[in-house]
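Keep in mind it's a predicted model, so treat the numbers as computed, not measured. No hydrogens, no waters, no symmetry mates; every other heavy atom, side chains included, goes into these values. The residues of the chain are indexed from 1 along the displayed sequence. Note that ligands are numbered from 1 as they come in the structure, with each ligand's atoms numbered from 1 the same way.
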Amino acid sequence: MAEQFWGERWLCSDSEISRKYMEVSAAKNSLVCLAADRNTMSGLLELVEEVGDYIAALKTHVDLVDDWNPEYWADFCRLAREKNVLIFEDRKFADIGKITKNQMGGIYNIKGWSDLVTAHLISGPDIVDGIQAAWNDEGRIGGVLLLAQMSSRGNLLDPNYTNKVVDLGKVHDGVFGFIGNGSRPEEIKSLREKVGPDKMIWTPGVNISTGDGEMGQRYGDPREAVLAGSDCIIVGSGIHKSDNPKEAAKAYAEKSWNALLERVI
Ligand code: 5BU
C-alpha cells in the first residue's frame with residue numbers, strides 16, 4: 001500500500017526502517033513527527049495519548065524531562081508502540097565512534113528503545129558505526145539521521161559542509177537519512193537534489209504560522225517543505241503548545257499528507 005503513495009522513495013529504498021516509516025505514514029495519512037518537548041512524564045503521556053493517532057513518529061529529548069525515571073519511560077515507550085509510531089531520540093550525538101556507542105547506553109539506554117537518532121558528522125563517519133554497533137548489541141535495528149542542515153538562524157552548517165555530510169551519508173547503510181532545514185524550501189530542494197531519491201529527508205522548523213520563532217528558531221510552511229522534498233515534517237510547539245493539540249496534529253497530518261499526494265502525482 002505504501003508504494004503507491006511514496007513512489008520512487010519506496011522503490012529505491014531497501015532499508016527496513018525506511019519502509020516501516022513509509023508504511024506507518026501511509027496507514028495514518030500523516031507525515032508528522034511530533035517533537036514532544038514537554039518537561040514532565042505526565043505531560044508527555046497525555047500528549048501521546050491525545051495525538052498519537054495522527055503522527056507517524058515521536059521525537060524525544062530524553063534529557064530534558066524533570067521527573068524522568070526508567071519505569072515511566074518504559075510506559076511512555078509502550079504507549080508510543082501501541083499508537084504505532086517510530087520513536088526518535090534527537091540526541092545529536094557528535095563524539096568519536098566508541099564513545100557514541102557507549103552514550104547509546106548509560107542511564108537513558110537510548111539503544112534499548114529508539115528506532116532513530118540524530119548525529120552530527122563533525123567527528124567523521126565512525127560515529128554511525130558506533131551507533132549501529134550499540135543497536136546491534138541490543139538485537140535491535142535503527143537508523144541514523146545525519147544533520148545536513150539546521151533550522152536555527154546563524155548555524156554553521158554551510159553548503160560545503162552539507163555536501164560532505166551527504167556524500168558520506170549517502171553510501172552508508174546505517175544512515176536512514178538527513179535532517180534538512182524545514183524553514184527554507186529552497187534549501188530542502190537543493191538538499192534533495194544532492195541526496196537523490198533513496199534516503200529520507202526529515203525537516204524541523206515547520207509551523208503553519210511561518211516566520212521567526214523563539215531564540216533563533218525559524219519556521220517554514222508544512223506543504224512547501226514536503227513539495228520541496230521533505231519526507232517528514234517535525235513539528236513541536238505547533239502541536240504541543242496549541243490550545244487543542246489533537247486538532248493541531250490532525251491539521252498538520254492533513255497538510256503534510258496532501259502535499260505528498262501532490263508531490264507524487
Ligand atoms: P518547535 O517547537 O517546532 O520549534 O520544535 C522543534 C524541535 O526540532 C525541537 O525539538 C528541536 O530540538 C528540533 N530541531 C530543530 O528545531 N532544528 C534543528 O535544526 C534540529 C532539531 Br537538528
Decide yes or no on salt bridge (charged side-chain N to carboxylate O under 4.0 Å, His left out) for D115 and R81, but give the supporting numbers first.
CA-CA 11 Å; D115 301 305; R81 303 262 175 241; 2.9 Å; yes
Mind checking salt bridge (Lys or Arg N to Asp or Glu O under 4.0 Å) for R38 and listing every partner two or more places apart, or none if nothing turns up?
E46
Would you say the side chains of N181 and S151 form a donor-acceptor pair under 3.5 Å?
no
Are the aromatic rings of F88 and W202 close, with centres under 6.0 Å apart?
yes
In chain-and-number order, ligand 1 lies under 4.0 Å from a heavy atom of each of A35, D37, K59, H61, D90, K92, L147, M150, S151, I179, P204, Q217, Y219, G236, S237
Under 3.5 Å, side-chain donor or acceptor atoms of residues 205-213 against the rest of the protein: list the pairs with distances, not counting sequence neighbours.
{"unit_1": "N207", "atom_1": "OD1", "unit_2": "S209", "atom_2": "N", "d": "2.9"}
{"unit_1": "N207", "atom_1": "OD1", "unit_2": "Y252", "atom_2": "OH", "d": "3.3"}

How would you list, by chain and number, every residue that makes a salt bridge (Lys or Arg N to Asp or Glu O under 4.0 Å) with E49, sequence neighbours excluded?
K83
